[in-house]
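Scroll down for the structure; my scribbles are underneath it.
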Amino acid sequence: MMGFKRTFIIVLDSLGIGELPDAYEFDDIGANTLRHIAEAVGELKIPNLEKLGLGNIIEIKGIKNVEQPLAYYSKAREVSKGKDTLTGHWEMMGIITEQPFITFTEKGFPVELINEIEKRTCRKVVGNKSASGTGIIEEYGEHHMKTGDLIIYTSADSVLQIAAHEEVIKPEELWDICNIVREITLRPEWKVGRVIARPFIGERAGLFSRTPNRHDYSLKPDSKTILNEMEDLGLDVIGIGKIKDIYGGEGLTKSISSKSNEDGMYHLMNILNVDFHGLAFLNLVDFDAKYGHRRDPLGYGRCLEAFDLQLGELLQGLKNDDLLIITADHGNDPTFKGTDHTREYVPVLIYSKSFTSQKQLKELKNFVSIGGIVADNFEVLVNVDYDQVLNDLI
């Protein structure tokens with residue numbers, strides 16, 4: 001028997017809570033995104049997350065361990081071979097990635113690939129190295145404005161990012177270019193996880209800023225996910241924000257784009273008024289893109305506080321037969337070295353107004369256990385071993 005009619009998952013993109021046992025393999029010993037943000041801020045004001053039990057999962061300076069949390073709480077470990085957005089989200093929905101996606105961090109993309117991009121797009125390429133998104137447009141933005149050359153760069157993730165000024169290459173044209181590059185990079189030797197359009201504006205270096213017209217062009221999952229199975233059963237599967245891009249549009253019955261964390265939460269709260277049957281799935285990317293990668297712990301803290309305010313409104317609007325899960329997809333410690341994601345546990349908070357005896361759950365052995373809660377609720381088949389915790393909740 002199904003326990004909940006509507007389920008909601010909010011992914012706080014990159015909010016890790018401490019190094020995983022295999023963090024040494026990723027050179028991430030010592031990373032702890034939430035703890036180090038809290039220490040940098042001094043007094044992190046997130047009363048709603050606190051009441052749910054975030055401070056009960058691990059000890060965090062300034063975040064209370066409450067005696068009677070409103071949510072079940074735990075942490076989950078990632079078992080996929082990676083620490084990026086795709087591997088984290090795919091594992092959450094039942095796909096464990098055994099072979100890491102190809103990266104081009106050290107030397108940039110092969111000459112043969114760049115030549116093919118130039119030939120197919122009729123534009124020259126500059127950059128072609130691992131760089132921060134804001135740094136590379138400062139370096140090449142003015143050149144791009146004079147020449148129309150594409151600014152192409154990567155990171156420690158499996159990504160090929162293309163930056164272009166919106167007055168030089170309109171966003172729609174940049175999206176078309178990214179579609180071409182996505183097609184090219186389906187070849188096995190160049191198979192990056194995501195191609196990302198990165199439009200920006202500004203008159204000159206020092207004034208450039210990226211716009212919300214980012215689009216991600218991800219590989220499609222190579223097997224069915226929990227989302228596909230839910231769709232096949234006639235359930236509603238609503239993706240908000242990056243969710244459509246992350247799963248290549250697979251398994252969704254509706255997709256809603258968002259311009260920011262605040263906008264994403266606004267759309268989720270609007271869905272509270274919709275009588276749907278299934279899952280609403282939201283990714284809040286600002287934590288990662290604007291603050292984690294830019295190594296801004298104070299900005300990250302302010303962003304968490306802004307989310308917490310909206311969370312309070314969301315909690316009030318939930319119905320008794322609604323289930324809310326708050327989690328993350330990887331870490332991105334803004335006090336850590338470099339600008340890469342960090343290999344960390346993620347928090348898991350599971351809330352419903354119908355709960356009466358919340359408690360700590362055991363550590364979840366994989367991210368599939370998170371999506372598995374939703375799958376078990378709707379009696380969806382999952383072909384991966386995971387912790388079945390639904391019976392502890394209803």
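None of the values given here were measured: they were computed from a predicted structure.
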**Request:** Assess whether atom CD of Glu203 is packed by more than 12 heavy atoms of other residues, nucleotides or ligands within 6.0 Å.
**Result:** no
**Mutual orientation of the aromatic rings belonging to Phe287 and Tyr300 [parallel < 30°, tilted 30-60°, perpendicular > 60°]** = parallel
**Message:** Do Arg182 and Leu219 have side chains that approach each other closer than 4.5 Å (heavy atoms only, starting at C-beta)?
**Reply:** yes
**Item:** Side-chain ion pair, Lys224 and Asp232, N-O less than 4.0 Å
**Value:** yes
**Min side-chain heavy-atom separation Ile46-Glu305 under 4.5 Å** = yes
**Asked** So does Lys83 pair up with Asp28, basic N to acidic O under 4.0 Å?
**Response** yes
**Message:** Looking at every heavy atom in both Gly141 and Phe208, which two are closest together, and how far apart are they?
**Reply:** CA-CE1, 3.7 Å
**Prompt:** For the hydrophobic clusters of this structure (ILVMFWY residues joined by side-chain heavy atoms under 4.5 Å, transitively), does one cluster hold both Phe336 and Tyr291?
**Reply:** no
**Item:** NZ/NE/NH1/NH2 to OD/OE distance under 4.0 Å, Arg194 and Asp84
**Value:** no
**Prompt:** Going by atom types only, do Thr33 and Glu344 share a side-chain donor-acceptor pair under 3.5 Å?
**Reply:** yes
**Request:** State whether Glu173 and Arg123 are salt-bridged, where the test is any N-O pair (Lys NZ or Arg NE/NH1/NH2 against Asp/Glu carboxylate O) under 4.0 Å.
**Result:** yes
**Complete:** Which of Tyr351, Phe281, Phe276 passes ring pair (Phe, Tyr, Trp, His ring centres under 6.0 Å) with Phe8? It is Phe276
**Message:** Quick check: closest heavy atoms across Val285 and Asp13, and the distance to 0.1 Å?
**Reply:** CA-CB, 3.9 Å
**Asked** What are the two closest heavy atoms between Cys178 and Tyr217, and how far apart are they?
**Response** CB-CE1, 3.4 Å
**Request:** May I ask you to say whether Lys362 pairs ionically with Asp387, meaning some side-chain N is under 4.0 Å from a carboxylate O?
**Result:** yes
**Prompt:** Hey, is CZ on Phe101 packed in by over 12 heavy atoms from elsewhere, all under 6.0 Å?
**Reply:** yes
**Prompt:** Going only through I, L, V, M, F, W and Y residues with side-chain contacts under 4.5 Å, is there a path from Ile9 to Phe367?
**Reply:** yes
**Request:** Please work out which of the three classes, parallel, tilted or perpendicular, describes the rings of His341 and His293, given edges at 30° and 60°.
**Result:** tilted
**Request:** Indicate the ring-plane relationship of Phe109 and Phe104, choosing parallel, tilted or perpendicular according to the 30° and 60° boundaries.
**Result:** tilted
